[in-house]
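Have a look at the structure below, then the notes.
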Amino acid sequence: MSVQNADHQADVIIVGGGLSGLTLACALGTAGVTTLVIDREPADVTLLPDFDGRTTAIAYGAGTVLMGAGIWEHLDGNVGPMLDIRVTDQSSPLFLHYDHREVGDRPFGWIIENRVLRHALHRRLAQLPSVTHLTATMVTGMVRDAAGVRVTLSDGRTVAGRLVVGADGKKSFCREHAGIKQIGWSYKQHAIVCTVRHEGPHGGVAVEQFLPAGPFAMLPLAGGHHTSIVWTEPSSMVDFYMGLPEERFQQELQLRVGDWLGRITPVAGRWSWPLGLSHAERYVDTRLALVSESAHGMHPIAGQGLNVGIRDLAALAEVVVDALRVGLDPGAADVLERYQRWRRTDTVTLLATTDVLVRLFSNDIKPLGHARRLGMAALNNVAPLKPAKQFFMQHAMGIVGELPRLVRGEAL
């Protein structure tokens, strides 16, 4: 395959300019890897306040990746640390309490608005001379063989490289081009996402309340008096709630939040997203690696979606940089197989865990409810179970297992 007449060349071509694709580009660019990002959205559109109203729970381990990739400093302190996590089952007085002081002086993680993270990613990319960000264009064709990768864009330009990364989401062009099948199902639920302002301070407390319709999460934002709501309802009800007048919507929220934050007021609109599980049968193909939602998608019940994706990015960046440093081909099959082996167990474990949690808690079966509440109370209060509780807290921080250098706080 000739690369001489390509419009652009790079060691790594990333298809997808969302949070995952841009984070990977920043990590590779920080290590000096020539990288090109293909982003179907115009840059000015993705930076608009109403482009994406979601927030992301960034676990501690994922936060160290953002720090190592030079992204964190551009967040300008607009992060809400999670100091406590409280898990409750409906109106039961029994609950599970995670206190960050039980595992050290670090927060469990941070809550970051997606728009804030996206602005930080763009600012960091502008500092990285080895990264090229092509916007308002999409992939229309791709050739991958032993010689390299050649990608054709919708505007007629061509890009050549040695590895292509599919970071293009649930309906991944890259995954389909490689003929990689995926399994999955819908939970027949939607997440309704909004932000509320409240009278009392949240104190860095994140709450996951399990209701019969699904989990209702309250995530502490920066400043102390704003909280992100992720409210799960059956898909058949989402149009009803999304169409409620502001006063009625506020009343429904207040009913679920309770009075611990005082009076709440919704701000900055509302959004909804369908929920399901998906998993690719493999993460690699000839000169191709899939990351984040191109490879897997899970329910937000444990707030691990993007965190799992960031661990993908950290692992892939490490194997690519290690290969380049010793003069090897970053798109070689053995390099990509190392990435796949590294990430598959962690991902499958979390997919299975979140699926069990959805089925266990999204119901109103009384005997099961009693068992759930007693189990949470035991984990919270029974001394012999303290090591298990600490393990679960470390897992929530994303610092369990074979961790990439970036997750450990080390440079690539």
Side-chain angles (χ1 to χ4, degrees), residues 6-56 58 62 65-67 69-79 112-142 149 151-161 163-174 193 195 268-269 271 273 291-294 305-306 309-310 312-313 316-317:
D7 295 293
H8 298 277
Q9 295 183 34
D11 282 319
V12 179
I13 302 166
I14 300 172
V15 181
L19 301 181
S20 296
L22 297 186
T23 300
L24 176 59
C26 290
L28 292 171
T30 299
V33 179
T34 57
T35 305
L36 185 141
V37 182
I38 301 167
D39 189 346
R40 65 184 301 162
E41 299 287 351
D44 55 347
V45 170
T46 63
L47 296 176
L48 291 173
D50 60 353
F51 178 75
D52 184 350
R54 291 174 293 180
T55 58
T56 295
I58 297 291
V65 176
L66 300 185
M67 295 172 195
I71 300 162
W72 191 266
E73 62 198 70
H74 297 287
L75 293 169
D76 299 328
N78 292 314
V79 298
I112 306 174
E113 294 177 84
N114 284 11
R115 63 178 184 85
V116 170
L117 181 53
R118 191 170 282 108
H119 275 273
L121 288 164
H122 279 258
R123 287 196 289 268
R124 177 56 177 155
L125 285 177
Q127 298 176 326
L128 298 170
S130 67
V131 179
T132 301
H133 186 190
L134 302 182
T135 62
T137 189
M138 56 190 294
V139 176
T140 56
M142 185 186 301
V149 178
V151 174
T152 304
L153 305 180
S154 56
D155 56 16
R157 287 179 291 179
T158 55
V159 181
L163 169 66
V164 62
V165 178
D168 47 345
K170 296 177 181 179
K171 298 179 180 180
S172 170
F173 172 91
C174 294
V193 180
T195 297
W271 293 260
W273 306 91
V291 298
S292 202
E293 287 195 328
S294 299
L306 184 60
I310 288 176
D312 290 348
L313 311 179
L316 181 60

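- A donor-acceptor pair is defined here as one N or O able to donate and one able to accept, closer than 3.5 Å; no such pair exists between the side chain of Thr56 and the backbone of Asn114.
- If you run side chain to side chain contact (heavy atoms under 4.5 Å, CB included) between Val139 and each of Val159, Asp168, Val164, Val15, only Val15 comes through.
- In this structure, Thr140 contributes its side chain and Thr152 its backbone to a donor-acceptor pair below 3.5 Å.
- Here CE of Met138 is found 10.0 Å from CD of Glu41. Values are rounded to the nearest 0.5 Å.
- Remark: side-chain polar atoms of His119 are paired, donor with acceptor, to backbone N or O of Leu47 under 3.5 angstrom.
- Among all heavy-atom pairs drawn from Val37 and Gly16, the shortest one is CG1-O, 3.7 Å.
- To the nearest 0.5 Å, atom CG of residue Leu128 and atom CG of residue Leu28 are 10.0 Å apart.
- Side-chain contact between Leu66 and Leu117 is present, with heavy atoms from C-beta onward closer than 4.5 Å.
- Taking the side chain as every heavy atom from C-beta outward, Asp11 and Leu163 never approach each other to under 4.5 Å.
- A side-chain donor-acceptor contact under 3.5 Å links Ser130 to the backbone of Val33.
- Contact record, Ala167 with Ile14: CB-CG2, 4.1 Å, taken as the closest heavy-atom pair.
- Residues Leu19 and Leu306 meet the side-chain proximity criterion, which asks for heavy atoms closer than 4.5 Å.
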Stepwise, does the side-chain contact (heavy atoms from CB on, under 4.5 Å) test hold for Leu153 with Ile38? CA-CA 9 Å; Leu153 305 180; Ile38 301 167; 3.6 Å; yes
Could you check Ile58 against Ile310 for side-chain contact (heavy atoms from CB on, under 4.5 Å), going step by step and ending with a plain yes or no? CA-CA 9 Å; Ile58 297 291; Ile310 288 176; 4.0 Å; yes
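- The backbone N or O of Gly169 sits less than 3.5 Å from a side-chain atom of Ser294, completing a donor-acceptor pair.
- For the pair Val116 and Val79, the minimum side-chain heavy-atom distance is 4.5 Å or more.
- Arg157 places no side-chain N or O within donor-acceptor distance of the main-chain N or O of Asp7, the cut-off being under 3.5 Å.
- The closest donor-acceptor contact from the side chain of Thr132 to the backbone of Leu36 lies at 3.5 Å or more, if one exists at all.
- Glu73 and Gly70 make their closest contact through CG-O, 3.7 Å (heavy atoms, listed as atom of the first residue, atom of the second, distance).
- Closest heavy-atom contact between Ala120 and Leu75: CB-CD2, 3.6 Å.
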Can you check side-chain contact (heavy atoms from CB on, under 4.5 Å) on Arg54 and Trp273, steps first, answer last?
CA-CA 10 Å; Arg54 291 174 293 180; Trp273 306 91; 3.2 Å; yes
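- Heavy atoms of other residues, nucleotides or ligands lying less than 6.0 angstrom from CZ of Arg118 number more than 12.
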Step by step, would you call Thr135 with Asp39 a side-chain hydrogen bond (donor to acceptor under 3.5 Å, both in side chains)?
CA-CA 5 Å; Thr135 62; Asp39 189 346; over 6 Å; no
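- Thr30 contributes a side-chain N or O that, together with a main-chain N or O of Cys26, makes up a donor-acceptor pair within less than 3.5 Å.
- Arg124 contributes a side-chain N or O that, together with a main-chain N or O of Ala69, makes up a donor-acceptor pair within less than 3.5 Å.
- For Ser154 against Thr137, the heavy-atom pair with the smallest separation is OG-OG1, 3.2 Å.
- Smallest separation of non-hydrogen atoms from Val131 and Gly29: CG2-CA, 3.6 Å.
- Side-chain contact between His133 and Leu22 is present, with heavy atoms from C-beta onward closer than 4.5 Å.
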Item to check | Derivation and outcome, side-chain contact (heavy atoms from CB on, under 4.5 Å), residues Cys174 and Met142 | outcome: CA-CA 9 Å; Cys174 294; Met142 185 186 301; 3.9 Å; yes
